[in-house]
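To find a chain, count down the sequence lines: A is the first, B the second, and so on, and within it residues start at 1. This is a predicted model, so every value here is computed, not measured. Quick note: numbers below take in every heavy atom, side chains included, and nothing from hydrogens, waters or symmetry partners.
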Amino acid sequence: MLVRVANGAWAGLFGLMSNALEKRSIMLVHLSWGARLGLLGLIVFAGSAIFAPWVAPYGPDEVVGDVWEPISAQFWLGTDQIGRDLLTRLIYGARNTFFVAGAATLLSFFMGSFLGFLAAVRGGIIDQSLSRLNDLMMAIPTLIFALVVLSVLPVNMLTLILVMGVLDSTRVFRLSRAVAVDIAVLDFVEAARLRGEKTLWIIFREILPNALTPLFAEFGLRFAFAVLFLSTLSFLGLGIQPPEADWGSMVKENKDGIVFGIPAALIPAGAIAILTISINLVVDSILSRTTSLKGGRG
Amino acid sequence: MSHSTQVTRDLNRTENTKAAPPLLDVRNLRIGANISFPGEKNHHIVIVDKISFQLQKGHVLGLIGESGAGKSTIGLSAMAYGRGGCEITGGEVFLNGEDILSFNHKSIRQIRGVKVAYVAQSAAAAFNPAHRLGDQVIESALEHGLMSRTEATAFADQLFDKLGLPEPDKFGQRYPHQVSGGQLQRAMTAMALCSKPDLIVFDEPTTALDVTTQIDVLAAIKHAIRETHTAALYITHDLAVVAQISDEIMVLKNGKTVEYGTTEQIINSPQEQYTQSLVTVRSTQKPVTESPDKTPLLRVENISASYDGVNQILSDISLQLHAGQTLSIVGESGSGKSTMARVVTGLLPQQQGKVLFNGTPLPAELKRRDKEQLRRLQMIYQMADVAMNPRQTIDQIIGRPLEFYFGLRGAEKRRKVIELLELIELGEKYIDRYPAELSGGQKQRICIARALAAKPDLIICDEVTSALDPLVAEEILKLLLRLQEQYQVAYLFITHDIATVRAISDTIAVMYQGELVRFGERSQVLSPPYDDYTDLLLSSVPEMELDWLDKVLSSRRMQSAGH
């Protein structure tokens with residue numbers, strides 16, 4: 001779902017709507033069973049996140065029962081460490097998880113792929129400086145980098161998205177530069193240069209449409225990583241701040257229960273796992289449907 | 001078609017009267033493939049149908065046809081091999097009287113490489129770069145236990161000698177990257193001959209080579225198979241080449257036999273219309289025009305260029321081209337002809353010299369040329385496949401220069417695109433297609449339309465017909481000539497194909513190793529006295545004559561550079 005929304009966003013932004021619509025309608029028909037399952041998972045998660053106030057049985061911060069009550073008809077997934085309904089927290093938490101991870105991934109793709117394409121098309125000193133700067137960023141372990149930056153800056157959703165997006169864009173930069181370098185040497189790009197086209201036109205009209213397939217695939221993977229990264233940050237206390245919750249911080253809140261044999265922490269952890277698997281199922285089917293440079297309507 | 005079957009029958013009868021049974025006897029061969037597009041049901045297509053021929057020991061049969069005619073597929077069936085999902089679905093293939101199609105996996109392996117050997121088109125891709133040539137050449141002989149290692153090595157050295165390779169006793173020590181393309185192709189022939197097979201399948205062995213190299217490889221192959229009395233199936237799309245080497249020729253089209261007869265009959269008195277068109281291809285001839293006595297459209301003065309600043313690719317080249325005329329630049333690969341185009345277009349700024357367009361100098365760098373200068377100079381590429389963005393429709397591809405240079409939009413642009421499509425004889429129905437949905441010739445036409453949309457004064461054509469089948473190439477040349485007449489556009493035509501040059505040029509430049517060897521009017525360049533390189537180049541072009549190869553080899557002055 002999100003991949004397709006992202007697909008639409010990309011295409012719409014760059015005037016490729018008709019192309020992409022055609023592509024998507026074909027894609028849906030030929031989705032494998034795995035991909036359909038994944039898509040179903042994503043729709044369920046995204047739907048419950050969007051309609052949280054109507055779907056959730058209780059309020060997100062409402063203390064409705066005892067500490068760590070087991071699964072029952074009243075509390076479908078039990079309660080958390082201060083007696084809030086876990087299912088409700090999970091549904092509201094999905095909003096944060098989806099929004100922050102999604103926005104960060106989108107940011108990283110816009111930044112990373114644009115700069116990557118720019119480096120590939122312009123070459124020379126621009127390529128060198130962008131690539132070396134990127135190497136420099138990648139040389140610092142992402143988690144440590146994020147921890148340092150987030151402990152200095154005020155922790156709110158915007159900084160979180162910016163930090164995650166910028167750090168992740170280094171990976172996207174590498175991929176998109178590698179893809180674009182291969183495309184940029186083809187004769188049709190040379191023909192565009194000879195015509196006198198500007199760099200932006202070459203990036204968005206000649207290279208981007210041919211690089212979309214690997215970028216889509218990478219988008220799915222990056223989104224899954226962003227969810228995990230956000231969970232990690234929240235677990236370490238630098239992500240989403242209480243009483244707000246995302247799935248990672250829910251694992252953290254409930255982790256002490258594990259010592260007493262209480263499975264509350266495993267439920268949000270399981271949700272992360274299912275989300276990641278769903279995304280990858282969908283992405284894999286896009287990967288297997290790659291039409292690469294053969295082009296046409298596929 | 002009935003006529004050809006008649007010929008076939010006659011031929012079979014004459015063969016049958018001979019005492020010896022044929023080495024290879026193919027009867028009613030039928031080969032199909034299952035193809036599946038995503039989202040469609042698998043369906044079966046027939047690639048080759050009702051092919052019958054016989055091959056005597058020591059004879060050579062040429063299989064000829066354009067791409068997609070099924071030549072290679074038939075050739076591989078002599079080894080009971082179906083490539084890439086092809087399946088032999090009917091008919092019989094007898095080798096030495098045994099039906100090899102009925103053999104199991106193990107028995108087939110006893111035949112491949114021993115009785116029947118294969119020589120592929122691209123020797124560079126067929127050799128393992130990590131092993132020495134000698135080891136690869138003797139591999140199948142050792143594998144099948146035909147000879148001991150010392151015997152095989154000695155025999156391989158003999159073969160290297162027979163094929164005219166330099167230092168035959170040391171040649172086997174080299175790695176594939178240490179020898180040239182033509183030598184590699186001969187090494188591959190040695191590999192095929194090494195296990196002393198009864199039959200060799202040559203699949204376009206000289207197609208990827210330069211014309212001056214091709215003649216040497218051709219001579220070497222001919223010599224070697226005559227000496228060893230090996231039978232051969234020789235697959236090619238070039239009738240003139242196959243005429244030099246075959247005893248019989250089978251002309252194929254769309255997987256069916258068009259005509260089958262002796263080489264002499266096919267070349268001198270072809271019966272079928274398709275064969276006739278192959279024999280008489282290159283009927284186009286541009287009438288001789290007077291060179292106008294005014295400022296030339298393009299004038300190149302003392303150009304020198306280099307990619308790395310050290311190795312000189314072009315040195316001191318001066319040329320000129322008048323409006324509405326065609327200048328052909330010929331030469332073998334590495335002669336600098338494409339670099340010449342890159343300098344003129346501004347992709348590679350020259351180190352020295354000037355490029356004058358209508359008397360005014362063009363800036364050396366592409367970035368510094370203005371829109372008007374760019375518009376007046378367009379380019380058409382060799383590989384139409386990659387010269388068009390696969391994600392754009394024909395409308396977008398042709399429409400872009402209209403929009404970019406003339407600001408046309410909407411309905412007006414579309415009308416103009418349709419007009420251009422009609423000009424290149426394709427018409428409106430192609431406007432919403434993608435390049436992948438067109439044939440090779442159609443793609444090249446779209447590229448021509450795209451260049452034409454800019455209303456240029458000069459179009460650079462970089463090997464535009466090299467990747468096309470001869471009949472399609474002929475159509476493209478005719479179209480280019482017609483457009484030149486109509487719009488007075490000048491062509492800078494880069495090619496290695498002398499026949500094309502003869503057909504369309506007003507002036508000709510011959511290049512060799514970055515230098516201009518000869519430049520002048522067509523009649524002047526193509527008539528004696530020749531310098532040595534031009535002589536070699538002109539004499540290396542295969543002609544539709546039966547003993548052309550022998551004649552040329554005995555009369556030429558300069559040896560090709562041993563490539």
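The distance from the CZ atom of B/Phe404 to the CH2 atom of A/Trp201 is 9.0 Å, given to the nearest 0.5 Å. The distance from atom OH of B/Tyr381 to atom CG of A/Leu194, rounded to the nearest 0.5 Å, is 4.5 Å.
The two residues A/Glu190 and B/Leu347 make their nearest non-hydrogen contact at OE2-CD1, 3.0 Å. Across B/Pro390 and A/Asn210, no two heavy atoms sit closer than the pair CG-OD1, 3.2 Å.
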Under the criterion side chain to side chain contact (heavy atoms under 4.5 Å, CB included), I'd like the reasoning laid out for A/Arg195 against B/Leu374: C-alpha separation, chi angles, the key distance, then a yes or no. CA-CA 6 Å; A/Arg195 194 160 58 225; B/Leu374 293 172; over 6 Å; no
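Around the CZ atom of A/Phe99, the shell of radius 6.0 Å holds no more than 12 heavy atoms that belong to other residues, nucleotides or ligands. Annotation for B/Gln488: atom CD counts as buried by contact number, over 12 foreign heavy atoms lying within 6.0 Å. Heavy-atom contacts from other residues, nucleotides or ligands closer than 6.0 Å to CZ of A/Arg171 number more than 12. Atom NZ of B/Lys371 sits in a crowded spot, with more than 12 heavy atoms from other residues, nucleotides or ligands closer than 6.0 Å. Annotation: A/Arg95, atom CZ; neighbour count of heavy atoms from other residues, nucleotides and ligands within 6.0 Å is above 12.
The closest side-chain heavy-atom distance from A/Glu206 to B/Arg391 is not below 4.5 Å.
Side chain of B/Asn389 to main chain of A/Arg205: a donor-acceptor pair is present (N/O by atom type, distance under 3.5 Å, no hydrogens or angles).
Using a 4.5 Å cut-off between heavy atoms, B/Met388 touches chain A through its backbone atoms (N, CA, C, O) alone. For B/Arg375, no part lies near chain A; criterion is any non-hydrogen pair under 4.5 Å.
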